[in-house]
Amino acid sequence: MKYSFIVPVYNRPDEVEELLESLTHQQSRDFEVIIVEDGSANPCREVCEEYADKLDIHYYYKDNSGPGQSRNYGAERARGKWLIILDSDVVVPEGYLQSVDEELAAADSDAFGGPDRSHESFTDIQKAISYSMTSFFTTGGIRGGRKKLDKFYPRSFNMGIKKEVYQRLGGFSKMRFGEDIDFSIRIFKAGFTCRLFPKAWVYHKRRTDFRKFWRQVYNSGIARINLYMKYPESLKLVHLLPMAFTVGVGLLMLLFLLGVVNYFFGYTHMQGAFGFACMEVSVIPILLYSLLIFFDSSIRNKNIKIGAMSIVSSFIQLAGYGCGFMAACWKRMVLGKDEFHAFERTFYK
């Protein structure tokens, strides 16, 4: 068998059904699907059983240990030469495996990753979140989809690796957050080849509301410091930008409040003028950035409503990451706590 799809799942049977349905439409059939239920209270066993006659599917239930260890659990039971790691909230287009086959035929590789896209069926919030995670104006275009990147670090929502390489690396580590980037870093450090397959993309739903999205990007900020503590060279200037954005917006808000106090409660004309100037200076940068996001997203999505929502999702994306980054800096670098004592939370929440 050539491919083994490995999918860790936690309380998402509806998502699994959509993913499995999409896999039934693959042009290539040389694959199996391994679903690892990671201690879910709302399991997807019945959904998997419905596809038993359509796919070579294997369902396993285990105690909760997080996505990384669940992927390792599935990899131990996989029969394919290639392991393809997917998140449960993706939908795979029909030509996915064909694109992977074409890339591997053109040039062999030890591992690969693919980009993600927004599907027309996604909700407006999901499309706005997708924009904020892939736009040049939010993430700097570092999340994939571009061949010109010197190194492409696959993410766990769409990652492929030879099983023998996976085993030699020992699979995913026990890191609580950022375990997929840690795995990608170890691929390069061990001297294996890893490429971006730009046509092997998936539809990635990410989170379904802004509250869950905040938690996701907050954890990503935490992960970046955890990775820095393990691999100091992995921290780049671009990773500091969300923190700078967060601090900058915070200072602008304080400046705006200072302006309000002076403008409305000042006793002299000079205080009023100073207050108005403070409000003006603080609002203009935020307004200009918001307009940039609005017009770019509206054009890309052909929908002004999504453009407006993208302003909210972009601020959440940057501020959430920045807050997680700073919290991890404080707990790990200042207080000296280790990774698990610093962030003892249930996975996926």
Side-chain angles (χ1 to χ4, degrees), residues 118 123-143 206-222 224-225 235-331 333-334:
S118 175
T123 66
D124 290 343
I125 288 180
Q126 288 174 326
K127 291 177 181 178
I129 289 174
S130 179
Y131 169 84
S132 66
M133 291 296 285
T134 57
S135 171
F136 174 81
F137 300 114
T138 53
T139 62
I142 66 172
R143 293 188 65 86
R206 304 187 189 278
R207 294 297 179 259
T208 55
D209 60 55
F210 288 140
R211 182 186 63 82
K212 293 177 181 178
F213 182 49
W214 169 274
R215 175 53 59 188
Q216 178 188 14
V217 293
Y218 184 89
N219 289 343
S220 295
I222 293 173
R224 181 51 58 186
I225 293 300
L235 188 65
K236 309 298 182 183
L237 180 62
V238 68
H239 299 137
L240 303 177
L241 295 181
M243 179 185 67
F245 175 89
T246 305
V247 172
V249 170
L251 292 175
L252 288 174
M253 292 177 64
L254 289 175
L255 182 62
F256 181 80
L257 290 175
L258 177 64
V260 169
V261 171
N262 279 271
Y263 184 77
F264 289 102
F265 303 102
Y267 293 105
T268 67
H269 176 74
M270 183 174 293
Q271 283 180 305
F274 173 75
F276 182 81
C278 287
M279 290 189 290
E280 187 176 40
V281 169
S282 62
V283 167
I284 288 177
I286 295 176
L287 179 61
L288 290 177
Y289 182 72
S290 298
L291 288 174
L292 176 65
I293 295 296
F294 173 76
F295 285 113
D296 184 55
S297 179
S298 295
I299 292 171
R300 283 179 53 176
N301 290 287
K302 300 178 181 179
N303 188 310
I304 61 173
K305 181 182 177 182
I306 297 174
M309 288 182 171
S310 295
I311 298 173
V312 179
S313 64
S314 295
F315 274 80
I316 289 175
Q317 194 272 330
L318 290 167
Y321 187 104
C323 288
F325 187 95
M326 289 186 287
C329 283
W330 175 255
K331 290 185 177 181
M333 301 174 69
V334 178

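All heavy atoms count here, side chains included; hydrogens, waters and symmetry mates do not. It should be emphasised that the depicted structure is a prediction, and the values quoted were computed from it without experimental measurement.
Atom CD1 of residue I311 and atom CD1 of residue I316 lie 12.0 Å apart, to the nearest 0.5 angstrom. In this structure, M133 CE and S220 OG are separated by 6.0 Å, a value rounded to the nearest 0.5 Å. Distance check, rounded to the nearest 0.5 Å: OG of S282 to CG of L255 gives 5.0 Å. The line from CE of M279 to CG of L252 is 14.0 Å long, rounded to the nearest 0.5 Å. The line from OG of S313 to CG of D209 is 12.5 Å long, rounded to the nearest 0.5 Å. Annotation: the span from C329 atom SG to I222 atom CD1 amounts to 11.0 Å, rounded to 0.5 Å.
Within a 6.0 Å sphere centred on CZ of F276, heavy atoms belonging to other residues, nucleotides or ligands number 12 at most. Atom CG of L251 sits in a crowded spot, with more than 12 heavy atoms from other residues, nucleotides or ligands closer than 6.0 Å.
At least one side-chain heavy atom of Y321 sits less than 4.5 Å from a side-chain heavy atom of R224. A heavy-atom distance below 4.5 Å is found between the side chains of I125 and M309. You'll find the side chain of I225 stays beyond 4.5 Å of the side chain of K331, heavy atoms only. Contact of the F213 side chain with the S132 side chain is registered, since non-hydrogen atoms from C-beta on lie closer than 4.5 Å. Looking at heavy atoms from C-beta onward, I293 lies in side-chain contact with T138 at the 4.5 angstrom threshold.
Every residue meeting the side chain to side chain contact (heavy atoms under 4.5 Å, CB included) condition with I284, not counting sequence neighbours, appears here in chain and number order: E280, L288. Remark: I306 pairs with D124, K127, A128, S297, N301, N303, S310 by the side chain to side chain contact (heavy atoms under 4.5 Å, CB included) rule, at least two apart or across chains. The ring pair (Phe, Tyr, Trp, His ring centres under 6.0 Å) check on F210 picks up nothing, with sequence neighbours excluded. Listed by chain and number, the residues in a side chain to side chain contact (heavy atoms under 4.5 Å, CB included) with D296 are Y131, S135, F137, R300 (sequence neighbours excluded). Taking the side chain to side chain contact (heavy atoms under 4.5 Å, CB included) definition, one finds that M253 meets it with V249, sequence neighbours left out. F245 is linked by a ring pair (Phe, Tyr, Trp, His ring centres under 6.0 Å) to Y289, F315, counting only residues two or more places apart in sequence or in another chain.
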For residues 256-269, which side-chain donor-acceptor pairs fall under 3.5 Å, sequence neighbours excluded?
| unit_1 | atom_1 | unit_2 | atom_2 | d |
| --- | --- | --- | --- | --- |
| N262 | ND2 | L258 | O | 2.8 |
| T268 | OG1 | Q271 | N | 3.1 |

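Heavy-atom minimum distance, A327 versus Y218: CB-OH, 3.3 Å. When every heavy atom of G307 is checked against every heavy atom of S298, the shortest pair comes out as CA-OG, 3.4 Å.
The salt bridge (charged side-chain N to carboxylate O under 4.0 Å, His left out) pairs that include a residue from residues 236-256 number zero, where partners must be two or more places apart or lie in different chains.
The backbone N or O of P242 sits less than 3.5 Å from a side-chain atom of T246, completing a donor-acceptor pair.
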